[in-house]
Amino acid sequence: MEQPAGAALQRWRLLIAYDGAAFRGFAAQPEVPTVAGALRLAIARTARLREPPNITCAGRTDAGVHARGQVVHVDLPAIAYDGTGLARALNRQLAPAVVVRRADPVGPDFDARRSAIGRAYRYLVWNAPAPDPLLASLAWHVRDPLDLGSMRTASDVLLGTHDFRSFCRRPVGSDAARPLVRRVTAARWSVDRGPEAVDADGGGEEARLLRFDIGAASFCHQMVRSLVGSLVEVGRGRENAAGLMERLRAVSRHRMPDPAPAHGLCLVSVAFGPGAEGPAA
């Protein structure tokens, strides 16, 4: 039975994960598969709505980018589900490409985008002579040996508040002179010791799964992928920390390295301030 028009609405917060390979990004687009498009249709069927509802996400991801901790909100009429039941009903339609990890009713003041105070991304680089088929959809394969120490030193340049115009793809028609200021709170490289890496390298020193973690209040378009592309050039010995700082200060994308491929990037988590969700209705 469809919900009557004008019914009181309850805001829901959904924590979702998805494999971005099958989608043309998060945002809904006509006639192409997107995360938002699939999620909206599943919600409409579950809540028995006439039209798919509008949803708001914490951060729009590009085509091929994955998520472990994307957050969205949606306003729904009364439904016959609690949070656990709603997540289960949606997952029956969406999994495994999209999984609702948690669903919670929240107050009307909660906004998945505006209430967020921090976002964390992870980028994986499979640094080895040969590719690994089980990591191919999750990590960028870089054959050249990379100097991890130099990449770590260069990452320190990014910490703090900067104009990231050199590393952001600006929307068509926007003012190129407008600064794109962001405050980076974390930027570090490590060797991932997860089971996939251990199984893949067989204990050899020449194969490593490298992990770049970066956090900020917000990011501009292609910022993380552009930074990773430049940091890998540092690891190859074609650039250094001083050169990265010069690129940052140049506020220009002229002759910048190509952004790293989308499939190595994952939105890991979104942070909200105390009381941001407000009381559930």
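Position 1 is the first residue of the sequence; numbering continues from there.
When atom types are taken as modelled, the side chain of Arg119 and the backbone of Ser269 share no donor-acceptor pair closer than 3.5 angstrom. A side-chain donor-acceptor contact under 3.5 Å links Arg40 to the backbone of Pro52. In terms of modelled atom types and a separation under 3.5 Å, the side chain of Arg247 and the main chain of Ala242 share no donor-acceptor contact. Using modelled atom types, one side-chain atom of Asn127 and one backbone atom of Asp144 make a donor-acceptor pair closer than 3.5 Å. Proximity of a side-chain donor or acceptor of Glu233 to a complementary backbone N or O of Gly229 within less than 3.5 Å is not detected. Under a 3.5 Å cut-off, the side chain of His73 and the backbone N or O of Trp12 do not form any donor-acceptor pair. Remark: side-chain polar atoms of Asn91 are paired, donor with acceptor, to backbone N or O of Val100 under 3.5 angstrom. Remark: side-chain polar atoms of Gln93 are not paired, donor with acceptor, to backbone N or O of Arg45 under 3.5 angstrom. Side chain of His263 to backbone of Gly64: no donor-acceptor contact under 3.5 angstrom is found. Judged by distance alone, with hydrogens and angles left aside, the side-chain atoms of Arg122 form no donor-acceptor pair with the main-chain N or O of Ile214 at under 3.5 Å.
For Glu239 and Ser150, the side-chain atoms include no donor-acceptor pair closer than 3.5 Å. Side-chain contact check for Arg24 and Gln29: no donor-acceptor pair (N or O, by modelled atom type) lies under 3.5 Å. Judged by distance alone, the side chains of Asp132 and His141 never bring a donor and an acceptor atom under 3.5 Å apart.
Phe164 and Leu158 get closest at one heavy-atom pair: CZ-O, 3.9 Å. Closest heavy-atom contact between Ser230 and Met256: OG-CE, 3.7 Å. The two atoms that bring Leu86 and Ala103 nearest to each other are CD2-CB, 4.1 Å, heavy atoms only. Across Ser166 and Leu248, no two heavy atoms sit closer than the pair OG-O, 3.9 Å. Closest of all the heavy-atom pairs between Tyr123 and Pro261 is OH-O, 2.6 Å. Contact detail for Arg183 and Ala216: the closest heavy-atom pair is O-CB, 3.2 Å.
Between Tyr18 and Phe26, the ring planes lie tilted relative to each other; the angle falls in the 30° to 60° range. Between Phe219 and Tyr121, the ring-plane angle classifies as perpendicular under the 30° and 60° cut-offs.
Separation of atoms SG (Cys168) and CE (Met223) is listed at 5.5 Å; rounding is to 0.5 Å. Summarising the geometry, atom OG belonging to Ser190 is positioned 8.0 Å from atom CG belonging to Leu148; distances are rounded to the nearest 0.5 Å.
Following chains of ILVMFWY side-chain contacts shorter than 4.5 Å, one can reach Val228 starting from Val142, so the two form part of one hydrophobic cluster. When the side chains of ILVMFWY residues are joined at heavy-atom separations under 4.5 Å, either directly or via intervening members, Val125 and Val268 end up in two distinct hydrophobic clusters. Under a hydrophobic-cluster definition in which Ile, Leu, Val, Met, Phe, Trp and Tyr are linked whenever side-chain heavy atoms come within less than 4.5 Å, directly or via other members, Leu159 and Leu227 are assigned to the same cluster.
Between Asp163 and Arg165, at least one side-chain N (NZ, or NE/NH1/NH2) sits under 4.0 Å from a carboxylate O, which counts as a salt bridge. Using a 4.0 Å cut-off between charged nitrogen and carboxylate oxygen, Glu246 and Arg249 do not count as a salt-bridge pair. Ion pairing between Asp109 and Arg11 fails under the 4.0 Å rule for side-chain N and carboxylate O.
Between Arg211 and Asp213 the shortest side-chain heavy-atom distance falls below 4.5 Å. Contact annotation: the side chain of Leu231 approaches that of Leu244 to within less than 4.5 Å [non-hydrogen atoms, C-beta and beyond].
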Side chain to side chain contact (heavy atoms under 4.5 Å, CB included) between Asp62 and Gln222, intermediate numbers included: CA-CA 8 Å; Asp62 289 339; Gln222 286 192 355; 3.7 Å; yes

